[in-house]
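The chains referred to below are lettered A, B, ... by the order of the sequence lines, with proteins before strands, and numbering in each begins at 1.
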Number of protein chains: 2
Amino acid sequence: MITTSEDVARHAGVSRATVSQILNGRGQRFAEATRDRVNRAARELGYEPSSAGRTLARGSSDFVIALIPHTTFGATLQDFFSRMTDELAAHGLTLVLRLSTPSTASLGRVIASMKPAAVFSLTRFTDEERALIGDRGVTGLDPSATNFFDYNHAIGLLQGRTLIAHGHRRLAFAHLADARQDPFGADREDGLREACREAGLPDPGSVGLDVTPDDAERALDELGGTGFAVACYNDDVATALLSAATRRGWQVPEDLALIGMDHTTLGRLTLPPLTTIDYDLEIAAEAAIHGILTITGHADTAERPERHARLRVIAGGSI
Amino acid sequence: MITTSEDVARHAGVSRATVSQILNGRGQRFAEATRDRVNRAARELGYEPSSAGRTLARGSSDFVIALIPHTTFGATLQDFFSRMTDELAAHGLTLVLRLSTPSTASLGRVIASMKPAAVFSLTRFTDEERALIGDRGVTGLDPSATNFFDYNHAIGLLQGRTLIAHGHRRLAFAHLADARQDPFGADREDGLREACREAGLPDPGSVGLDVTPDDAERALDELGGTGFAVACYNDDVATALLSAATRRGWQVPEDLALIGMDHTTLGRLTLPPLTTIDYDLEIAAEAAIHGILTITGHADTAERPERHARLRVIAGGSI
DNA sequence: CACACCTAGTAACGCGCGTCAACACCATGT
DNA sequence: ACATGGTGTTGACGCGCGTTACTAGGTGTG
């Protein structure tokens with residue numbers, strides 16, 4: 001049931017070497033009739049080269065490992081990876097997803113055994129991870145390698161500027177308490193801090209919370225009363241704070257202003273609806289894809305997508 | 001930088017065949033001293049067998065492909081797959097995640113080239129998928145193969161019984177309108193229908209909606225007025241309906257009763273908090289893992305986890 | 001006619017590994 | 001002295017593929 005290049009060769013009446021070359025782009029050297037015969041045979045037999053054989057012969061596989069952050073994997077991220085999967089597949093690369101676990105041992109084993117063409121992560125590699133990848137002779141791609149998809153600073157900055165433009169002057173950033181869930185938090189808070197500096201405001205405060213009624217209330221206490229404008233790690237955090245504030249009888253945005261991030265569907269359902277930031281993953285995906293194709297030597301054109309992050313403020317009623 | 005079994009052999013002063021056998025459990029036949037030398041050498045050199053070589057020699061790889069449904073990939077599912085990753089790794093299997101795309105072509109290519117030990121899916125394979133997998137001589141595992149993790153019928157049933165126990169008599173099921181996002185909907189509605197039959201009630205109604213304010217309102221209209229008790233596909237759907245009902249001035253649960261599913265954090269934040277169902281993925285994970293180990297011939301013990309779904313109703317204020 | 005030079009295609013090798021028949025060695029029995 | 005039976009180890013093969021040196025046949029050139 002499994003078709004090998006040998007089968008294709010026999011079926012086309014040529015040698016295996018011929019098949020291999022024709023199917024791998026080195027086909028100019030052959031007569032057009034032969035090319036056609038081979039291509040047709042491959043198609044008719046449903047031939048799909050064995051990844052293992054190919055890997056062995058070439059020294060590295062066609063797999064690209066994407067580390068997926070331990071954060072909610074909503075529709076946006078799904079589309080992102082879905083897009084990447086298709087685009088890379090068009091270049092013969094197979095995207096494979098791995099949950100990024102705290103223990104790097106498992107990642108090390110996978111990299112060593114898989115010999116991926118590249119390792120990709122939306123979050124910055126830890127030093128451990130970087131070492132692991134480098135040691136195996138694999139190239140990694142993370143936001144630090146290119147600024148194309150490091151929008152997190154820009155996100156915090158935009159949140160800050162938006163709040164400030166609305167006249168808010170006491171700013172704070174709300175993280176997710178669980179650090180694993182908060183992979184982009186530090187960068188975003190950085191951005192917020194920069195916005196404060198620009199406006200001559202003191203550095204923003206910082207709280208961390210779980211998305212639960214109780215912990216949101218605690219976070220409100222930690223913040224220290226009303227009058228704050230909070231840039232939230234994401235819409236879930238904003239929703240939790242909004243809910244706690246409402247229960248407490250605070251008016252949003254008068255007593256507490258909130259700006260979220262992600263433009264989630266649930267964020268549109270609150271009262272007031274959240275003001276939030278929309279993040280164009282389309283462009284980020286393009287950048288990531290281009291980066292990977294470059295690394296793996298598949299980049300067809302030298303042109304690189306120069307467009308920058310397209311962040312949009314989605315007006316709600318929470319600031 | 002890459003260590004091969006040849007290196008290990010040289011370092012331990014034995015042949016490659018010896019290394020291979022000792023490292024693959026066929027080591028009883030060797031002297032203990034030799035075993036130790038080989039194991040130590042492998043450890044010192046950080047040897048990790050090449051997946052490609054192994055695959056080629058054995059005919060099938062150590063990869064297990066998990067198709068992840070096109071639905072929100074929240075903390076629960078993450079934990080589920082995280083657990084599977086670790087557990088399978090302990091048996092030498094590498095779990096690899098793939099987004100399940102509508103087009104099966106891509107999946108076919110991946111299966112053909114990867115020769116996975118198994119393909120796993122939380123949702124039932126489509127006929128296309130099943131054919132694809134079978135043709136390549138790969139075994140698949142989906143809920144239909146074992147009832148261990150097909151809890152969806154049970155979920156709908158429990159939602160129905162719970163609503164009925166609270167005195168509700170006009171029931172309906174609320175799907176997500178986007179079929180891709182609603183992979184478990186049909187099974188759950190089935191369960192709800194059974195609950196209605198049990199109680200001698202007419203078949204439940206059925207609506208589909210997007211999680212947006214406007215579409216939730218439309219769904220309320222489609223339902224046809226107040227007095228319904230709605231079993232929702234998940235907490236997001238319930239939240240959308242709750243939000244729309246509140247905006248419309250309906251009282252929950254008096255005018256509209258809602259029961260969700262998933263016990264999401266955001267569902268705890270609404271007013272009233274959602275009554276919902278909690279799903280013990282731990283047990284489902286065990287079942288799935290056991291299934292895969294059986295398929296791949298790695299099952300160490302014949303004992304199979306006999307425990308059944310542990311579904312719990314989480315009391316809120318919405319029914 | 002000898003020679004160089006293309007064109008079209010192939011034989012042969014090695015990638016890293018698992019497997020198994022075969023072998024060397026030694027102790028035991030006859 | 002030789003056969004017998006372990007025990008411990010290895011040589012050699014093949015998995016499917018990409019690659020390279022090479023051959024066979026044709027086409028000019030001096």
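The shortest heavy-atom contact between S61(B) and A117(B) is O-CB, 3.4 Å. Listed here is the closest heavy atom pair of A118(A) and V138(A): CA-CG1, 4.2 Å. When all heavy atoms are compared, the tightest approach of L45(A) to T3(A) is O-OG1, 3.2 Å. Heavy-atom minimum distance, L95(A) versus A66(A): CD1-CB, 3.8 Å. The two residues R37(A) and V14(A) have their closest heavy-atom pair at NH2-CG1, 3.6 Å.
Using a 4.0 Å heavy-atom criterion, one finds that T34(B) contacts the sugar-phosphate atoms exclusively. Note on T18(B): a base of the nucleic acid sits closer than 4.0 angstrom, heavy atoms only. Using a 4.0 Å heavy-atom distance criterion, A17(A) is classed as a base contact. Among the atoms of the strands shown, base atoms are found under 4.0 Å from some heavy atom of R29(B).
Two residues, R16(A) and F30(A), neighbour DNA chain C, and the one matched to the more 5' nucleotide by heavy-atom proximity is F30(A). Comparing S51(A) and A31(B) along DNA chain D, the residue whose closest nucleotide (by nearest heavy atom) sits nearer the 5' end is A31(B). Closest-nucleotide positions on DNA chain C for R35(A) and S20(B) were compared, and the one nearer the 5' end corresponds to R35(A). Between R37(B) and E48(A), the one whose closest nucleotide on DNA chain D sits nearer the 5' end is R37(B).
Regarding contacts with the backbone of dG18(C), every side-chain N or O of S5(B) stays at 4.0 angstrom or more from both OP1 and OP2. In terms of phosphate contacts, R26(B) brings a side-chain nitrogen or oxygen within less than 4.0 Å of OP1 or OP2 of dT19(C).
Between I22(B) atom CD1 and dC17(C) atom P there is a gap of 15 Å when expressed in whole angstrom units. Rounded to whole angstrom, the span from the CD atom of E32(A) across to the P atom of dG9(C) amounts to 12 Å. Put simply, CD on Q21(B) is 12 Å from P on dA21(C), counting in whole angstrom units. Rounded to whole Å, the distance from CG on L23(B) to P on dC17(C) is 10 Å. Going from atom CZ of R54(B) over to atom C1' of dT19(C) covers 13 Å, rounded to whole Å. The interatomic distance linking E6(A) (CD) with dT10(C) (C1') rounds to 13 Å, in whole Å.
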Exercise for review: I would like to know whether R54(B) and N24(B) meet side chain to side chain donor-acceptor pair (under 3.5 Å); could you show each step before the answer?
Suggested key: CA-CA 11 Å; R54(B) 168 176 287 218; N24(B) 287 300; 3.3 Å; yes
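Under 3.5 Å, the side chains of T85(B) and S82(B) contain no donor-acceptor pair of N or O atoms.
Listed candidates were dT10(C), dC17(C), dT19(C). Nearest to the side chain of P49(B) is dC17(C).
Of all nucleotides in DNA chain D, those with any atom nearer than 4.0 Å to a heavy atom of chain A start and finish, going 5' to 3', at dG16(D) to dT20(D).
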